[in-house]
Amino acid sequence: MATSPSVAGGEKKHWWLRNKKIVDKYVKDARCLIATQEQSEIASALNLLDAALGLSPRFEVALELKARSLLYLRRFKDVADMLQDYIPSLKMVSDDSSSDSSSQQLSRERVKLLSSSNNSSSDSPIRDPSFKCFSVSDLKKKVMAGLCKNCEKEGQWRYLVLGQACCHLGLMEDAMVLLQTGKRLAMAALRRESICWSDDSFSLSNFPITNDITTNNAPATPPRTEFESITQLLSHIKLLLRRKTAALAALDAGLYSEAIRHFSKILDGRRGAPQGFLSECFMHRATAYRSAGRIAESIADCNRTLSLDPTCIQALSTRASLLESIRCLPDCLHDLEHLKLLYNSILRDRKLPGPAWKRHNVQYREIPGKLCALTTKIQELKQRVASGETGNVDYYALIGLRRGCSRSELERAHLLLCLRHKPDKATNFVERCEFSDDRDLDSVKDRAKMSALLLYRLLQKGYSSVMATIMDEEAAEKQRKKAAAALQATAIQAQQTQEQPKKESELENNATAATQQQTSAASAFQGVFCRDLAVVGNLLSQAGFNRPIPVKYEALSC
């Protein structure tokens with residue numbers, strides 16, 4: 001009993017040694033659980049690693065094991081949240097943005113009110129900064145964090161692990177920078193170690209072939225299989241970024257068909273792409289379709305973008321403007337109301353939706369002005385709807401036809417649109433999408449089906465309306481042709497009626513002339529015949545009948 005106080009005093013005196021043993025035990029047990037390569041065991045190992053990091057927040061081995069475990073469990077968002085200080089784009093934004101455009105700087109006042117320890121949570125009670133309470137646990141954590149920071153260096157595993165997580169989250173530019181940096185650092189470490197190796201120690205055992213994170217000492221270089229996977233991942237990232245760059249250059253140059261072709265190669269490729277990257281490409285292709293005058297295709301790409309990212313401000317505003325351009329005011333009002341709710345939630349939370357590393361096309365300081373303009377726009381559209389301007393939809397612009405088109409042109413355009421935007425094929429793009437969280441799959445499919453069904457119904461309604469217009473025009477054309485034919489027949493009949501007396505008089509004149517000519521001819525012949533008979537009679541009287549009489553045959557020809 002006499003020795004127990006001294007032991008207790010020794011434990012109190014050397015509390016950091018006791019914590020170090022506990023941390024080492026947690027890490028060792030976590031390694032054993034991770035070695036099983038089972039998700040349930042790795043999830044249990046995460047709890048042990050969290051406990052170890054609670055005692056030693058900057059213990060490098062525990063941080064690496066936790067990051068690789070989260071990456072193995074496909075919890076890419078947690079990896080990005082854990083290592084977000086190393087994301088290049090986030091660091092550039094935080095350095096360049098003003099105090100009202102960054103969500104982190106917006107909460108600077110609240111950060112000052114919280115505890116300065118690294119392990120303080122955001123839901124801890126706000127205390128008066130003038131009142132300082134001494135905490136032994138906080139002091140222990142700070143001391144252990146300082147010891148760990150001085151003893152161990154930050155390894156290059158952060159770049160490799162965070163690069164893979166950023167790739168799956170759709171941050172392709174950040175992923176390429178991180179993976180190239182990690183690969184370069186690993187190769188440099190390999191060269192430094194190879195200089196120190198002798199000929200006897202240089203063997204294949206120095207190059208681990210499998211990704212084994214169960215060794216007591218973390219490997220200085222990544223395994224060969226990790227190098228191969230990173231190399232393949234880098235080649236895929238470079239291909240996607242090359243095509244995206246070409247598409248954006250064509251879009252800026254006004255070559256909309258070329259931009260659509262490049263974006264279609266990315267979106268319809270055999271190898272899938274991350275969810276965030278696909279939503280960004282769908283939005284850019286919708287812009288190209290809109291510039292090319294293909295409104296239905298642009299609305300369809302906006303629908304796909306909102307299926308993948310329901311909080312995309314650019315997709316909501318673009319679809320609302322497209323619906324307003326074809327005078328589909330109720331659907332336009334629905335999108336504007338949704339956008340207004342999104343703006344209000346941003347102002348309420350004092351930050352843009354999503355995590356800090358998520359990219360947005362707008363900044364926080366622009367939201368109040370956009371909200372005022374949006375409110376005015378909604379009031380104008382409501383007045384137009386109240387005045388009865390709801391059924392005057394421009395279906396020709398929706399389908400992409402000119403006014404006065406033929407029936408064959410309408411049927412061809414409608415067939416192509418139905419084949420592209422059929423609701424049964426609305427979820428085909430999901431098969432080529434790599435989701436950061438599989439729980440989002442069902443919600444994405446539901447949103448895609450609903451929006452595709454609304455667009456398909458609008459196209460069917462437009463086809464019926466345009467077809468009715470064409471049929472009316474054809475019927476009117478037939479009536480015009482029939483009336484023109486009847487008018488022409490009436491004119492011909494009237495002309496014939498006017499010309500008939502003239503023809504009859506001409507016929508009578510011709511008959512009279514013919515009769516007179518016949519009469520004159522008969523009298524002429526009759527006079528010649530009588531003259532010849534008189535000559536014959538004179539001859540007969542002068543001579544006897546037994547003498548030959550010379551005859552003039554030309555007189556007898558009559």
Side-chain angles (χ1 to χ4, degrees), residues 256-257 260-261 264 282 285-307 315-336 377 380-429 448-485:
Y256 304 121
S257 59
I260 292 170
R261 185 176 65 85
S264 299
F282 273 125
R285 194 174 72 169
T287 305
Y289 275 134
R290 181 185 180 182
S291 301
R294 302 169 63 176
I295 296 180
E297 285 83 355
S298 182
I299 293 176
D301 279 348
C302 289
N303 292 339
R304 297 186 184 99
T305 304
L306 291 171
S307 299
L316 275 173
S317 59
T318 302
R319 190 172 68 175
S321 62
L322 288 171
L323 293 172
E324 184 183 2
S325 65
I326 61 175
R327 297 190 294 272
C328 188
L329 301 184
D331 294 337
C332 177
L333 273 174
H334 182 270
D335 285 345
L336 293 180
K377 188 70 175 179
E380 293 178 358
L381 291 179
K382 286 184 177 179
Q383 291 177 1
R384 292 173 61 182
V385 171
S387 62
E389 190 179 348
T390 56
N392 191 17
V393 182
D394 188 4
Y395 292 114
Y396 287 95
L398 175 65
I399 302 176
L401 295 173
R402 58 177 178 81
R403 292 189 177 274
C405 62
S406 63
R407 184 193 294 261
S408 60
E409 293 176 350
L410 174 62
E411 291 177 351
R412 182 177 180 277
H414 178 256
L415 178 61
L416 292 176
L417 290 176
C418 287
L419 292 177
R420 292 174 183 172
H421 310 297
K422 197 172 183 180
D424 298 339
K425 300 180 180 180
T427 58
N428 289 345
F429 73 96
K449 287 181 180 179
M450 183 59 65
S451 58
L453 183 60
L454 294 175
L455 177 60
Y456 187 76
R457 288 179 178 175
L458 188 61
L459 290 173
Q460 293 296 328
K461 190 175 180 180
Y463 172 75
S464 301
S465 177
V466 175
M467 180 59 73
T469 304
I470 291 177
M471 292 178 65
D472 293 342
E473 291 178 355
E474 290 179 352
E477 184 67 22
K478 288 181 180 179
Q479 291 293 334
R480 286 194 298 269
K481 289 182 179 180
K482 188 176 180 180

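Owing to the predicted nature of the structure, the values given are computational and were not obtained by experimental measurement.
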- Item | side chain to side chain donor-acceptor pair (under 3.5 Å) evaluation trace for Arg290 with Ser321 | CA-CA 10 Å; Arg290 181 185 180 182; Ser321 62; 3.2 Å; yes

- Arg403/Asp394 under side chain to side chain contact (heavy atoms under 4.5 Å, CB included): CA gap, chis, key distance, verdict: CA-CA 10 Å; Arg403 292 189 177 274; Asp394 188 4; 3.4 Å; yes

- Message: Using a 6.0 Å cut-off, check whether atom CZ of Arg457 has over 12 heavy atoms from anything other than its own residue.
- Response: no

- Value rounded to 0.5 Å, distance of CG in Leu419 from NZ in Lys425: 5.5 Å

- Which class fits the ring pair Phe429 and Phe282: parallel under 30°, tilted 30 to 60°, perpendicular over 60°? perpendicular

- Query: Atom OH in Tyr396, atom CD1 in Ile326: separation rounded to 0.5 Å?
  - Reply: 14.5 Å

- Determine the minimum heavy-atom distance between Ile260 and Ser264, stating which atoms define it. O-OG, 2.7 Å

- Between Ala300 and Leu455, what is the shortest heavy-atom contact and its length? CB-CD2, 3.8 Å

- Separation between OG (Ser325) and CG (Leu398), nearest 0.5 Å, reads 9.0 Å

- Note on the structure: Tightest non-hydrogen contact, residues Ala413 and Leu401, listed as CB-CD2, 3.9 Å

- Query: Quick one: which of Arg420, His414, Lys422 gives a side-chain contact (heavy atoms from CB on, under 4.5 Å) with Cys418?
  - Reply: His414

- Point-to-point distance, once rounded to the nearest 0.5 Å, from CG of Leu410 to CG of Leu415: 11.0 Å

- Ser387 side chain vs Arg384 backbone, donor-acceptor pair below 3.5 Å: yes

- Rounded to the nearest 0.5 Å, how far does CE of Met467 lie from CG of Asp472? 11.5 Å

- Item | Least distance between heavy atoms, Cys332 atom then Leu381 atom | SG-CD1, 3.7 Å

- Heavy-atom side-chain proximity of Asp331 to Asp335 below 4.5 angstrom: no

- Query: Between Glu380 and Lys377, is any pair of side-chain heavy atoms under 4.5 Å apart?
  - Reply: yes

- Output the distance between atom CD (Gln460) and atom NE2 (His421), rounded to the nearest 0.5 Å. 12.0 Å

- Scanning both residues in full, the closest heavy-atom pair of Tyr463 with Ile399 reads N-CD1, 4.0 Å

- Task: Work out which heavy atom in Ser307 is nearest to a heavy atom in Ser451; give both atom names and the distance.
- Result: OG-OG, 4.2 Å

- Task: Decide yes or no for Glu297 and Arg285: does some side-chain heavy atom of the first lie under 4.5 Å from some side-chain heavy atom of the second?
- Result: no

